[in-house]
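Since this is a predicted model, take the numbers as computed values, not measurements. The figures here come from the full heavy-atom set of this structure, side chains too, leaving out hydrogens, waters and symmetry mates.
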Amino acid sequence: MYDYPVTLTPLDNGDVMASFPDVPEAMTYGENEAFALEWAQDALHVALAGYMDDHMDIPVPSAPAPGQPTVSTSPMVALKLALYQAMRDQGVSQLRLAGLLHCDARQVRRLLDLDHQSTVNQLMDAAEVLGFRLGFDLRKKADAASQQVACAC
């Protein structure tokens, strides 16, 4: 869902910079492409958390160019980003969501905190009150398009 194209740029000192056209705030580097890509997910998470802190929409990933690598958010972060964006799209505040979930607003803040270890059940409950149902899928790395196992959880 949040699979962003990444641009790898060799630097003068031999390092490689990773940047995201769709999320310009997310940049990192490594001593080679592998390390730059390894750090890229963390940079992406930090930048997207900043979008949430600034009450901005989460950028929709563009289609990668042929052969361009992509970096995905972690599954838990993807769920939290989708929940946050659904709240924005529907005009539901954190306080309103807390009321719908019959919980304290601090619990909703933790639910949207990308660094907090929320449970899938908590995210499922929040999605449910917003009119969504969580689903998960498992894809083969080699050929994700043709090898997909879906789980309607």
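- Between the side chain of H45 and the backbone N or O of S74, at least one donor-acceptor pair lies under 3.5 Å.
- For the atom pair L100 CG and L95 CG, the distance stands at 10.0 Å (nearest 0.5 Å).
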- Apply side chain to side chain contact (heavy atoms under 4.5 Å, CB included) to the pair V77 and L48, showing each step before the final yes or no. CA-CA 9 Å; V77 167; L48 293 173; 5.6 Å; no
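- To the nearest 0.5 Å, the span separating CD on Q94 from CG on L101 amounts to 11.5 Å.
- Here the closest non-hydrogen pair linking L37 and P69 is CD2-CB, 4.4 Å.
- Nearest heavy-atom pair across L111 and A126 is CD2-CB, 3.6 Å.
- Counting non-hydrogen atoms of other residues, nucleotides and ligands closer than 6.0 Å to CZ of F35 gives a total of 12 or fewer.
- Partners of D12 by side-chain hydrogen bond (donor to acceptor under 3.5 Å, both in side chains), not counting sequence neighbours: none found.
- Cluster membership check: V108 shares its hydrophobic cluster with L81, using side-chain heavy-atom separations under 4.5 Å among Ile, Leu, Val, Met, Phe, Trp and Tyr.
- In this structure, L11 places its CG atom where more than 12 heavy-atom neighbours from other residues, nucleotides or ligands lie under 6.0 Å away.
- The line from CD of Q122 to CD of Q107 is 7.5 Å long, rounded to the nearest 0.5 Å.
- In terms of heavy-atom proximity, L123 sits nearest to L83 at CD2-CD2, 3.9 Å.
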- Item | From CA spacing to verdict: side chain to side chain contact (heavy atoms under 4.5 Å, CB included), T28, D42 | CA-CA 9 Å; T28 191; D42 187 54; over 6 Å; no
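- Annotation for Q90: atom CD counts as buried by contact number, over 12 foreign heavy atoms lying within 6.0 Å.
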- Starting from the C-alpha separation in whole Å, work towards a yes-or-no answer on side chain to side chain contact (heavy atoms under 4.5 Å, CB included) for H116 and R109. CA-CA 9 Å; H116 186 267; R109 281 194 298 277; over 6 Å; no
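- M76 CE to S118 OG: the interatomic distance, rounded to the nearest 0.5 Å, is 6.5 Å.
- The CG atom of N13 sits 4.0 Å away from the CG atom of D15 when rounded to the nearest 0.5 Å.
- Here the side chain of Q68 pairs a donor or acceptor atom with the backbone of V6 at under 3.5 angstrom.
- For A82, the side-chain contact (heavy atoms from CB on, under 4.5 Å) criterion is met by M1, Y2, not counting sequence neighbours.
- For D57, the side-chain hydrogen bond (donor to acceptor under 3.5 Å, both in side chains) test picks out Q85, R88, with sequence neighbours left out.
- Of all heavy-atom pairs spanning V120 and L134, the tightest one is O-CD1, 4.3 Å.
- Under the 4.5 Å side-chain heavy-atom criterion for ILVMFWY residues, a single connected hydrophobic cluster contains both M124 and L114.
- Taking a 6.0 Å sphere around OH of Y84, one finds it holds more than 12 heavy atoms contributed by other residues, nucleotides or ligands.
- No donor-acceptor pair closer than 3.5 Å links the side chain of E31 to the backbone N or O of G14.
- Minimum heavy-atom separation, Y4 to P59: OH-O, 2.5 Å.
- With rounding to the nearest 0.5 angstrom, the CG atom of D22 is 12.0 Å from the CD1 atom of I58.
- Hydrophobic cluster membership differs between L44 and W39, with clusters built from Ile, Leu, Val, Met, Phe, Trp and Tyr side chains linked at under 4.5 angstrom.
- The two atoms that bring M52 and L112 nearest to each other are CE-O, 3.1 Å, heavy atoms only.
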